Amino acid sequence: MFEDIEKKWQSIWENKPREYDLNRELLVIDTPPPFTSGTLHMGHILSYSYIDFIARYKTLRGYQIFYPQGWDAQGFPTEMKIESKYGKNLSREEFRAKCVEWSHEMISKMRDQMRRMGYMIDWNNQYITMLPEYHEKVQKSVIDMWKLGDIYRDNHPVLWCPHCKSAIAKAELEDKEIDSILYDIRFDNIVISTTRPELLHACVAVAVHPDDQRYKDMIGKNVRIPLYNREVPVIADHDVIKDFGTGAVMICTYGDYQDLVWQKRHNLPVIEGIDKEGKLKNSKYDGMSIDEARSRIVADLRSQGYIVSEKSYRKIIRIHDRCKNPVELLYSYEWFASLKKHKDKLIDIAKQIRWTPSFGIYHYIDWLNNLDWDWIISRDRVFGTPIPFYVCEKCNHIEPADKLPFYPEKADEKICGKCGTTMRPETKVLDVWIDSSITPLIISRYYEDREFFNRTFPNYIRIQGVEIVRTWALYTIYRVWRITGSVPWKEILLNGNVLAPDGRKMSKSLGNVISPDELLKEYPVDALRQWAAMSGALAKDRPFSYEDIKYAKAFLIKYWNASKYIISKLQPISNTPKLRKVDRWILHRLSEVIDRVTDAMESYEFRDAITTLQQFYWNEFCDFYLEYTKWRFQKNIDTEGAVYTLKKVQEEFSKMFSVFAPHLAYEVYWMIFGREIDSWPQFSFNDEIAKNDVERFNLEVSKVRTYKISNRMSLKAELDRWELSEQFDDELKEELKNTLNIKELV
RNA sequence: GGGCCCGUAGUCGAGGGGUUAAGACGCCGCUCUUACACAGCGGAGAUCCCAGGUUCGAAUCCUGGCGGGCCCACCA
């Protein structure tokens with residue numbers, strides 16, 4: 001039953017023509033373009049459902065919504081897939097073509113999943129980051145920023161896997177605990193501790209803690225590196241752990257991430273100690289592998305008496321998640337975007353945006369305040385947007401590409417305007433966050449249609465996960481602000497993550513992954529959507545709850561059955577039906593519920609909205625009101641008021657419920673009213689007296705029910721006499737007698 | 001170590017300075033009552049993490065613990 005209804009309405013929604021009236025306000029939703037993995041996970045369902053709730057709510061409120069969908073296609077995981085499928089021997093162009101082909105397949109799978117969720121996405125307005133038209137806009141945006149002085153090239157360490165001979169991202173790191181040896185090595189009159197003696201030749205300083213009495217007098221002096229007889233300064237830094245080893249550390253470029261921090265902080269020189277093959281360079285041991293060099297240098301130090309002590313030591317190192325080999329930090333030329341110098345301004349800009357929940361902005365501010373250096377925007381990959389510049393190898397001059405989209409393998413020749421040398425087209429590609437950090441400009445057509453842009457920018461809202469505030473939100477605010485001088489959107493809404501029912505992260509290795517496709521075998525789409533609404537506060541993680549989705553499904557069945565009852569009682573009525581007190585009570589409550597749900601929707605409190613709706617409908621409307629109408633139809637007394645009220649509640653409730661459960665709500669509404677839902681409730685009804693009296697009365701009804709149950713009577717069994725615990729008017733007394741089959745009230 | 005979030009019945013969770021602290025799941029009874037047994041009705045079950053403080057009054061606000069989560073950093 002559910003499946004037929006779902007398919008019917010999805011096809012109706014999809015085939016609806018989308019036309020936009022640019023003379024009216026157009027609310028633009030900047031939705032996350034998912035990475036094209038081929039499958040949506042529960043986090044996607046949560047986020048996209050939130051987006052759809054907003055889109056449907058605003059549409060019913062009479063707004064025009066512009067709700068496109070994008071796809072974040074480029075990236076390392078796709079490259080790995082293609083590499084494992086076709087090997088490493090494809091040309092750049094062939095390789096990229098395979099990636100594109102594969103991504104298109106994944107997109108079509110994911111699009112089907114989204115359609116199945118009933119999302120009212122405008123499928124005529126999609127963007128895909130891997131397409132040439134998208135590349136062109138990204139490249140334009142980067143050149144725009146270069147013209148503003150925000151793009152530059154500089155030497156910078158990158159994470160490098162010597163085994164795979166590739167730069168890798170932080171996200172590809174894994175930790176591994178290994179047995180290592182902590183060596184204490186004498187440098188003149190100071191003894192340093194290190195696990196990486198092979199990097200001795202790349203030592204640029206020795207650091208101690210500023211409060212460490214042992215070394216107080218050494219700070220500012222020079223010490224001599226054993227074997228190399230080169231002098232380096234002793235410096236003070238708070239990050240040095242006094243209690244670790246000897247409390248003195250050699251800073252090498254680069255043994256680990258901390259070295260990098262120190263090198264930057266103290267402006268130390270850089271000595272490249274290891275090459276891209278994982279072999280030593282600039283040393284007495286050049287050409288040796290790291291492990292070989294380590295044992296040789298230790299032997300040499302030992303024989304010359306420089307090693308003071310050796311202790312075995314468990315150490316955590318970074319390894320590449322694919323090949324499990326240790327990762328090194330290597331120095332290389334990279335491209336940067338100037339983020340740091342705009343820090344204060346970026347904080348000001350972010351404060352102009354309404355953040356929901358409000359604490360979300362702290363993730364942003366905190367990250368900006370802790371930035372160590374600018375945003376590295378270059379990657380040594382193939383499946384990415386090429387960096388649209390030429391580089392002069394001779395004088396380091398940079399010039400932007402003239403023809404876009406720019407691809408280095410097809411690039412025209414260019415002569416350096418400074419020194420006349422032939423320039424090299426850059427072969428690195430851009431960080432994928434560069435692609436996705438201009439989505440507001442893409443969907444508002446900044447580079448193609450300024451009129452459309454002016455009408456749709458800033459966008460109404462961005463919805464995204466809280467865990468990528470420091471990347472996606474920050475980079476978007478930064479880039480869009482630099483290019484347009486404005487905030488990208490008026491609001492940003494943050495959702496949390498979906499954990500496994502056991503409260504842990506969902507992961508394949510833990511075997512606790514719940515997939516939307518599996519759930520949809522057992523639960524209707526509208527139940528899954530309700531789950532999303534029920535699943536808790538914004539920007540907080542919450543375990544997936546089978547209780548919630550079970551309840552959601554039961555609620556749909558309840559709604560369906562109540563609708564059947566209502567439909568069976570429909571009959572033509574006059575314009576002025578006589579309303580009994582119970583009618584006025586439920587209409588008053590309906591009016592209150594509309595107010596509360598409206599408020600909840602305005603503040604994106606979806607949980608409050610859906611639970612208010614569910615509790616009102618089930619616990620008040622079905623459990624009490626519906627029962628009060630039955631005797632009236634049987635005895636044909638005041639049926640018009642009952643029909644009017646049943647229809648009214650069903651009408652307004654269905655409108656609100658359709659935001660969360662559109663398929664069933666539209667079907668029910670259609671069955672009763674013969675048309676589609678097209679507005680948010682306007683209904684208002686006030687009768688405090690009826691409300692107070694009937695709520696009191698409902699308690700009396702419960703008492704009678706309790707009495708019957710505890711006396712093992714059926715609820716419809718006749719009761720000769722019932723002693724009222726309070727006074728009620730004649731109309732309510734009649735209600736009680738008839739609803740619970742009581743002969744006499746005293 | 002830094003930032004943020006959170007600690008409410010067996011479980012999940014609303015709420016949030018003032019009558020009996022929602023609701024769901026689970027549990028225990030009773031009922032196939034013509035919308036619904038994927039139901040109805042009823043019941044049991046909470047020192048609202050701990051300790052101070054503010055207050056006439058705190059589960060709710062403040063401070064400090066303890067515990068959990070997320071993100072970030074991390075011992076050379």
Side-chain angles (χ1 to χ4, degrees), chain A residues 170 175 180 182-183 192-197 199 206-207 239-252 254-259 261-262 313 315-316 357 359-367 369-370 372 465-471 496-497 499 501 503-505 523 527 534-537 539-569 605 607-608 611-612 614-615 618-619 622-623 626-627 629-630 633-634 701-717 739-741:
Chain A
K170 250 185 181 176
D175 290 346
S180 144
L182 184 64
Y183 299 94
I192 62 100
S193 297
T194 184
T195 56
R196 300 203 62 182
L199 287 171
V206 168
D239 283 354
V240 178
I241 317 290
K242 281 189 280 187
D243 304 332
F244 188 88
T246 60
V249 53
M250 68 169 182
I251 300 173
C252 306
Y254 299 97
D256 62 17
Y257 191 79
Q258 182 65 54
D259 283 339
V261 172
W262 280 326
Y313 175 64
K315 176 188 183 185
I316 293 164
F359 64 76
I361 196 172
Y362 295 121
H363 290 273
Y364 175 99
I365 293 174
D366 187 48
W367 180 256
N369 281 329
N370 286 303
D372 282 324
V466 68
E467 74 283 0
I468 53 172
V469 164
R470 65 173 205 282
T471 49
N497 289 307
L499 305 175
R504 292 186 295 180
K505 254 187 184 167
Y523 299 96
M534 293 163 80
S535 87
K540 286 182 197 166
D541 294 350
R542 187 174 182 248
F544 177 80
S545 161
Y546 279 106
E547 286 76 27
D548 284 352
I549 196 168
K550 270 187 208 158
Y551 180 82
K553 183 182 177 184
F555 185 79
L556 291 172
I557 292 165
K558 189 78 184 171
Y559 173 65
W560 182 252
N561 284 318
S563 302
K564 281 197 315 203
Y565 171 78
I566 293 164
I567 289 166
S568 75
K569 303 300 178 200
E605 300 278 357
R607 188 183 171 96
D608 191 46
T611 53
T612 299
Q614 289 165 339
Q615 286 179 31
W618 198 323
N619 304 123
C622 289
D623 289 349
L626 243 52
E627 297 303 319
T629 64
K630 286 177 179 172
F633 290 111
Q634 275 161 23
V701 169
S702 291
K703 279 180 189 157
V704 181
R705 285 171 173 164
T706 309
Y707 174 82
K708 286 191 172 183
I709 294 296
S710 53
N711 286 282
R712 310 189 118 236
M713 292 169 74
S714 136
L715 280 178
K716 71 172 179 185
T739 300
L740 284 153
N741 200 7

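Chain identifiers are assigned alphabetically (A, B, ...) following the order of the sequence lines, protein sequences preceding nucleic acid strands; residue numbering begins at 1 within each chain. Quick caveat, the model's predicted, so the values are computed rather than measured.
Across B/G15 and B/G53, the matching C1' atoms stand 24 Å from one another, rounded to whole Å. Here, B/G1 and B/A46 have their C1' atoms 37 Å apart, quoted to the whole Å. Rounded to the nearest Å, the gap between the C1' atom of B/G52 and that of B/G10 is 31 Å. Rounded to a whole angstrom, the distance from the C1' atom of B/C38 to that of B/C25 is 14 Å. Taking atom C1' on both B/C30 and B/G13, the two are 29 Å apart, rounded to the nearest angstrom. Nucleotides B/U20 and B/U55 are separated by 24 Å at their P atoms, to the nearest Å. Taking atom P on both nucleotides, B/A9 is separated from B/G23 by 15 Å, rounded to a whole Å. B/G69 sits 24 Å from B/A51 when the P atoms are compared, rounded to a whole Å.
We find that CD of A/Glu467 is positioned 12 Å from P of B/C70, with the value rounded to whole Å. Whole-Å rounding puts the A/Gln258 CD to B/A76 C1' distance at 8 Å. Rounded to whole Å, the distance from OH on A/Tyr254 to P on B/A76 is 19 Å. One interatomic measurement links the two molecules: OH of A/Tyr551 to C1' of B/C25, which rounds to 12 Å at whole-angstrom precision. Put simply, CD on A/Gln614 is 13 Å from C1' on B/A22, counting in whole angstrom units. In this structure, A/Tyr364 places its OH atom 26 Å from P of B/C70, rounding to the nearest Å. Residue A/Phe544 contributes atom CZ, which lies 13 Å from atom P of B/G13 at whole-angstrom precision. Here the C1' atom of nucleotide B/C71 and the CH2 atom of A/Trp367 are 9 Å apart, to the nearest Å.
As the counterpart of B/G18, B/C56 is assigned, both hydrogen-bonding distances of the Watson-Crick or G-U wobble pattern falling under 3.5 Å. If you check B/C70 for Watson-Crick or wobble pairing at under 3.5 angstrom, you find it paired to B/G3. Base pairing analysis places B/A51 opposite B/U63; the two distances defining the Watson-Crick or G-U wobble pair are each below 3.5 Å. Across all strands shown, B/C28 is found opposite B/G42 as a Watson-Crick or G-U wobble partner, with both distances under 3.5 Å.
A/Thr611 comes within 4.0 angstrom of nothing in the nucleic acid, heavy atoms only. Within 4.0 Å (heavy atoms only), A/Tyr559 reaches no atom of the nucleic acid at all. Residue contacts shown for A/Val469 are absent, as no nucleic acid heavy atom lies under 4.0 Å away. Across all strands shown, A/Ser193 has heavy atoms under 4.0 Å from base atoms, whether or not it also approaches the sugar-phosphate.
Heavy atoms of other residues, nucleotides or ligands lying less than 6.0 angstrom from OH of A/Tyr707 number 12 at most.
Between the side chains of A/Thr246 and A/Ser193, at least one donor N or O sits under 3.5 Å from an acceptor N or O. Checking A/Thr629 against A/Tyr565 by side-chain atom types alone, a donor-acceptor pair falls below 3.5 Å. Looking only at atom types and distance, the side chain of A/Lys564 has a donor-acceptor partner in the side chain of A/Asn561 under 3.5 Å away.
To the nearest 0.5 angstrom, A/Tyr254 atom OH is 14.0 Å from A/Trp262 atom CH2.
Every residue two or more places apart in sequence or in another chain was checked for a side-chain hydrogen bond (donor to acceptor under 3.5 Å, both in side chains) with A/Thr611, and none qualifies.
The phosphate of B/C72 (OP1 or OP2) has a side-chain N or O of A/Arg470 nearer than 4.0 angstrom.
For the pair A/Lys550 and A/Phe555, the cation-pi test (distance below 6.0 Å, angle within 45°) is failed.
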Inset, instruction - May I have the step-by-step check of ring pair (Phe, Tyr, Trp, His ring centres under 6.0 Å) for A/Tyr313 and A/Phe244, ending in yes or no? - result: CA-CA 12 Å; A/Tyr313 175 64; A/Phe244 188 88; 5.6 Å; yes

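In the set B/C4, B/C75, B/G13, the nucleotide with an atom closest to the side chain of A/Ile241 is B/C75.
Taking both residues in full, the closest heavy atoms of A/Ile192 and A/Met250 are given as CD1-CG, 3.9 Å, listed atom of the first, atom of the second, then distance.
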Inset, instruction - Going 5' to 3' through nucleotides 34-42 of chain B, assign each nucleotide B (protein heavy atom under 4.0 Å from a base atom), S (under 4.0 Å only from sugar-phosphate atoms) or - (no protein heavy atom that close). - result: -BB-BSSBS

